[in-house]
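Please read all numbers here as calculations on a predicted model, not as lab measurements. Only this structure's heavy atoms are used, side chains among them; waters, hydrogens and symmetry mates stay out. Each chain gets a letter, A, B and so on, in the order the sequences are listed, and its residues count up from 1.
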2 protein chains.
Amino acid sequence: MACMSEQLDITFQALADPTRRAILSMLLEDDMAVTDVAEPFEMSLTAISKHLGILSRAGLISQERRGRVKWCKLEPDALRDASIWMQSFGQFEAVNLDAFEKFLAAELSGGDAALPNED
Amino acid sequence: MACMSEQLDITFQALADPTRRAILSMLLEDDMAVTDVAEPFEMSLTAISKHLGILSRAGLISQERRGRVKWCKLEPDALRDASIWMQSFGQFEAVNLDAFEKFLAAELSGGDAALPNED
DNA sequence: GGCATATTCAACCAAATGGTTGACGAATGA
DNA sequence: TCATTCGTCAACCATTTGGTTGAATATGCC
């Protein structure tokens, strides 16, 4: 667990800023150019560019330059380790990644039958 | 989602430090006094006391004074919102925040009966 | 070529962070 | 009572963070 310590530092640190989380949410919808990412925010393009750099170094997004525009793409896999780390704490009983996956599988195959006591 | 933004700031920020994550891991084993928490670290008691303050303000631990010793206790529920936020990304993709919330609701109300096909 | 667009770089700044030390208050126990 | 133990407070320090501005570097288009 200690070996991934530095990566966890970087991931959690990246997630600790509301602007960066908002950017991730935007990218959930679709890939975006840097300028378009910056548009809704009331801060300079440079600031957003820095935020994107941080997200990129954390592996939470990837950036690919095509022509003069740089496309930003969500990389959700990077959240996995952090997520798993969190699962190792208490609520493990309640929020169990594994159980959730089974739940999803059951729900996808069996429709709403997967919910035990829905009301 | 925006409403819990500030709490997420605090939670992720608290988790972004390796010392604090180590403390949480220690508390996973058992409740501990401040001095005992500090013992394995090569830093001052004051520094650890500050870390504990940060964890406490984030709701990740609680502290109860009994006599002259202050006991620290893990509060894993606080990880829940952050965990849910992270689940909305990840391999579950957009689909499944909704399914995940159903899953949580079902699991919380139904206890371990909520697991569709446990083996 | 020359201008507009997209993005980053460099330098700077204020505030927050993670640490230190020394003094302090409050409970314990000889 | 008096020394000891537990923990925090206050002040300080270096580094990092999150932002700014203005200049620079590509690239695309007429």
Please report, rounded to the nearest Å, how far the [atom2] atom of [N] is from the [atom1] atom of [X].
X     : N      : atom1 : atom2 : value
B/I23 : C/dG18 : CD1   : C1'   : 12 Å
B/R57 : C/dT17 : CZ    : P     : 10 Å
B/D9  : D/dT17 : CG    : P     : 15 Å
A/E64 : D/dT27 : CD    : P     : 14 Å
A/R65 : D/dG28 : CZ    : P     : 9 Å
A/R66 : D/dG28 : CZ    : C1'   : 15 Å

Check your understanding: Is any side-chain N or O of A/R68 under 3.5 Å from a base N or O of C/dT5, one able to act as donor and the other as acceptor?
Key ->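 A donor-acceptor contact between them is present.
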
[Y] backbone acceptor or donor facing [X] side chain under 3.5 Å:
X     : Y     : result
B/T11 : B/Q7  : yes
A/R65 : A/K70 : no
B/R20 : B/L55 : no

Exercise for review: Apply the test side chain to side chain contact (heavy atoms under 4.5 Å, CB included) to residues B/F41 and B/H51: give CA-CA distance (whole Å), side-chain angles for both, the deciding distance (0.1 Å), then the verdict.
Suggested key: CA-CA 12 Å; B/F41 296 98; B/H51 281 304; over 6 Å; no

Point to revise | Selection: residues 40-52 of chain A, any non-hydrogen atom under 4.0 Å of DNA chain C | key: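 Nucleic-acid contacts, sorted: A/L45, A/T46, A/S49, A/K50.
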
**Study point:** Contact check, side chains of B/T35 and B/E39, non-hydrogen atoms, under 4.5 Å
**Key:**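 SC-SC contact between B/T35 and B/E39 ruled out.
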
Check your understanding: So which residues get pulled into A/V69's cluster when ILVMFWY side chains under 4.5 Å apart are joined, directly or through others?
Key -> A/W71

Practice item. Using a cut-off of strictly less than 4.0 Å between a heavy atom of the residue and any atom of DNA chain D, enumerate the qualifying residues of residues 10-19 of chain B by number. Key: none

Point to revise | B/R57, B/Q63, B/M32 screened by side chain to side chain contact (heavy atoms under 4.5 Å, CB included) with B/L52, the one that passes | key: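 Running side chain to side chain contact (heavy atoms under 4.5 Å, CB included) over B/R57, B/Q63, B/M32 with B/L52 returns exactly one hit, B/Q63.
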
Practice item. State which residue, out of B/L60, B/L24, B/L74, fulfils the side chain to side chain contact (heavy atoms under 4.5 Å, CB included) condition with B/L79. Key: B/L60

Point to revise | Hydrophobic cluster identity match, B/M26 and B/L45, side-chain contacts under 4.5 Å | key: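 B/M26 clusters together with B/L45.
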
Review point. At under 4.0 Å, does any side-chain N or O of B/K70 touch on OP1 or OP2 of D/dT8?
Key: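 True: B/K70 side-chain N/O within range (under 4.0 Å) of D/dT8 OP1/OP2.
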
Check your understanding: Which is true for A/R20 with a 4.0 Å heavy-atom rule: it touches a base, it touches only sugar-phosphate, or it touches nothing?
Key ->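 Counting heavy atoms under 4.0 Å across all strands, the contact made by A/R20 is with sugar-phosphate only.
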
